[in-house]
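What follows is a set of notes on a single structure, which appears directly below.
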Amino acid sequence: MFYIEKIKDFFKSKYNNYKAFVKVFGCRQNEADAEKIRGLLTAAGFEFTLDADCANLIVFVTCAVRHTAENRIFGHIGKLKNIKVVNPNVIIVIYGCMTEQKEIRDKIFFSYPFVDICFGAKSINVFSKLLCEKLTNKVFNAPHEKKFVKRTSKFKALVSIMTGCNNFCSYCVVPFVRGREISRFSSDIINEIKNLSKNGYKEINLIGQNVNSYQDKETNFASLIKKIDEINGEFVLQFMTSHPKDLSFDLIDTLAKSLHFGRHLHLPLQSGSNKILKLMNRKYTKEKYLEIINYARMKIPDLTITSDIIIGFPGEDQSDFEETLSVIKKAQFTSIFTFIYSSRSGTAASKIPDLLPRSEKVERLQKLKNLQNLISEKILAKMLGEIYRVLVDSYKDGFTKCRTRGNVIIKLDKDYSKFIGKFVDCKVVYVIKSVVYGKIL
Ligand code: 5AD
Ligand code: SF4
């Protein structure tokens, strides 16, 4: 606790109460990193605020996956300047995938000099050291602090099982900013989940850039699922993200037999054209993809499948796009996330000329969304009259939000806050477009 104690001493000597504002951009991996950062800060005596103006410490956890994310984050960093003018003592920290890139750190150093600490996602373990050194203006050589986690939710937990990625999909910056795959010890993961279950957690989310390639000595992802299945308690097991090339029939068989597995697969397709899939270095064909999901649905009839699609990858012509639409019709996803291709420096795809006009990409994106909306509506309409065991998630503006085991949201038009974090049975009473409404039985 060397660094943490020093951080604590620094803030205690200045303030009676001191608060941190932590803002997260991007994926669940970043949410998990934020829980680690909050854990360290809690140990150092911080409370948390949702108002950056009141904070003594501001931390941004950043994302680099698309240019639009970076632009948005720079907009937010720019706004911190005023906060620093009003409160020159506030410490500003920018962390994450975006600041793992040297050119971004240089840009922040030169153009946003009010930022105090800027470091990348590979260096999360040195956060307390960096903060301590900044505050004291000294250099220390004590070992890194052990991990602290402050969980955001009392019933949903993120459990990181691996970080990094070895796949090098040609468009993706993740292998560069997160590094190669590192799996956690399976015994640590199992202990963590046992404790969570004992403490009443109802949803366990295994997270990793590519969970299917989890490997710790003799434990692979399928055997990890089997071990988790032996843990007592009523909890739903979700995981993301899966890569189609690693979703074997064996793993599907294991999932089909699993009691805890939540009946939802997020399986990014990215494109329905074999030519584009090859250029993307995805290592499967559309035929293989459809074969996998058909097998999964045969083995797990109540399975919900969602996906990610990138529009306008360099070289995607009209016929490639139409192939994507055709696979979308066959795949029958419950929902998809759609993205316009964004060139990321250092990636293989950034060297392929990106000639398609943006207007054309936007038009394709809209066509894809329209098609998917029709499919989603049809799939959700089939839920009418059915009964689901749901986990009550949250309450807002007159509606209680619940999730089925397949991760579909059901809204209840009453205040059931008292059931948040509990399982209840619920019947779907109407479906309007893509919104499913139910009532508690
Ligand atoms: N451009 C657009 N979308 C991207 N994604 C990853 N990299 C890029 C990029 N350069 C999308 C993929 C991935 C999701 C998390 O983000 O669809 O599955
Ligand atoms: Fe990026 Fe591909 Fe790795 Fe996913 S599998 S993180 S898309 S390189």
Side-chain angles (χ1 to χ4, degrees), residues 203 236 238 240-242 244 261-273 286 289-312 318 320-340 361-414 416 424-441:
E203 187 185 301
V236 179
Q238 309 278 7
M240 72 167 38
T241 296
S242 296
F261 170 56
R263 272 55 195 161
H264 170 216
L265 266 184
H266 182 66
L267 197 63
L269 167 68
Q270 311 298 8
S271 169
S273 149
K286 63 176 179 186
Y289 184 95
L290 290 168
E291 187 188 337
I292 295 167
I293 63 171
N294 287 340
Y295 183 80
R297 284 192 170 122
M298 182 183 77
K299 288 281 172 166
I300 313 169
D302 53 345
L303 188 67
T304 296
I305 306 177
T306 57
S307 200
D308 292 345
I309 305 288
I310 297 175
I311 285 299
Q318 188 57 29
D320 296 312
F321 173 63
E322 276 160 19
E323 281 186 61
T324 297
L325 295 181
S326 140
V327 178
I328 289 287
K329 280 184 202 146
K330 290 184 184 139
Q332 294 289 305
F333 299 122
T334 304
S335 62
I336 57 174
F337 294 98
T338 53
F339 309 103
I340 288 181
K361 293 178 189 168
V362 172
E363 203 171 294
R364 285 184 191 173
L365 184 77
Q366 202 47 54
K367 271 194 193 143
L368 171 65
K369 283 186 172 175
N370 292 346
L371 171 64
Q372 181 58 45
N373 284 344
L374 293 177
I375 295 170
S376 298
E377 284 168 24
K378 268 197 189 149
I379 292 177
L380 296 175
K382 288 188 196 143
M383 293 174 70
L384 189 66
E386 299 289 326
I387 294 169
Y388 294 88
R389 187 144 182 85
V390 296
L391 181 58
V392 182
D393 187 273
S394 52
Y395 171 77
K396 202 180 165 191
D397 303 334
F399 287 96
T400 303
K401 193 168 102 180
C402 311
R403 273 176 203 282
T404 68
R405 284 171 63 91
N407 237 336
V408 176
I409 292 171
I410 299 185
K411 284 179 148 190
L412 314 169
D413 63 355
K414 277 209 185 92
Y416 285 117
V424 296
D425 290 321
C426 138
K427 183 174 180 168
V428 175
V429 286
Y430 47 100
V431 183
I432 303 174
K433 296 233 164 202
S434 292
V435 189
V436 182
Y437 297 88
K439 65 169 190 206
I440 288 190
L441 291 178

- Using the side chain to side chain donor-acceptor pair (under 3.5 Å) rule, collect all pairs that involve residues 379-395, keeping only residues at least two apart or in two chains. Lys156-Asp393, Glu234-Arg389, Arg389-Asp425
Please table the atom pairs, donor to acceptor, closer than 3.5 Å between any side-chain atom in residues 396-403 and protein atoms at least two apart or in another chain.
unit_1	atom_1	unit_2	atom_2	d
Thr400	OG1	Lys414	O	2.4
Thr400	OG1	Tyr416	N	2.9
Arg403	NH1	Asn407	OD1	3.2

- May I have the step-by-step check of side chain to side chain donor-acceptor pair (under 3.5 Å) for Glu377 and Asn373, ending in yes or no? CA-CA 6 Å; Glu377 284 168 24; Asn373 284 344; 5.6 Å; no
So, for [X] and [Y], which heavy atoms are closest and what is the spacing to 0.1 Å?
| X | Y | answer |
| --- | --- | --- |
| Tyr289 | Leu269 | CG-CD1, 3.7 Å |
| Ile300 | Phe261 | CD1-CE2, 4.1 Å |
| Cys426 | Leu412 | SG-CD2, 4.0 Å |
| Phe333 | Gln372 | O-NE2, 2.9 Å |
| Ala296 | Leu303 | CB-CD2, 3.7 Å |
| Thr338 | Lys369 | OG1-CE, 3.2 Å |

Atom pair [atom1] ([X]) and [atom2] ([Y]), whose distance is rounded to the nearest 0.5 Å:
| X | Y | atom1 | atom2 | answer |
| --- | --- | --- | --- | --- |
| Leu371 | Ser376 | CG | OG | 9.0 Å |
| His266 | Ser242 | NE2 | OG | 8.5 Å |
| Gln270 | Asp308 | CD | CG | 5.5 Å |
| Ile311 | Glu363 | CD1 | CD | 11.5 Å |
| Leu374 | Ile328 | CG | CD1 | 12.5 Å |
| Ile305 | Arg263 | CD1 | CZ | 12.5 Å |

- Message: Within the supplied structure, the quantity of interest is the number of heavy atoms (other residues, nucleotides, ligands) at a distance under 6.0 Å from Lys427 NZ; does it exceed 12?
- Response: no
- Checking side chain to side chain contact (heavy atoms under 4.5 Å, CB included) for the pair Val436/Ile409: CA distance, chi angles, key distance, verdict? CA-CA 7 Å; Val436 182; Ile409 292 171; over 6 Å; no
- Message: Is the shortest side-chain heavy-atom distance between Leu368 and Ile336 below 4.5 Å?
- Response: yes
- Would you mind listing every salt bridge (charged side-chain N to carboxylate O under 4.0 Å, His left out) that reaches into residues 321-340, with sequence neighbours excluded? Lys286-Glu323
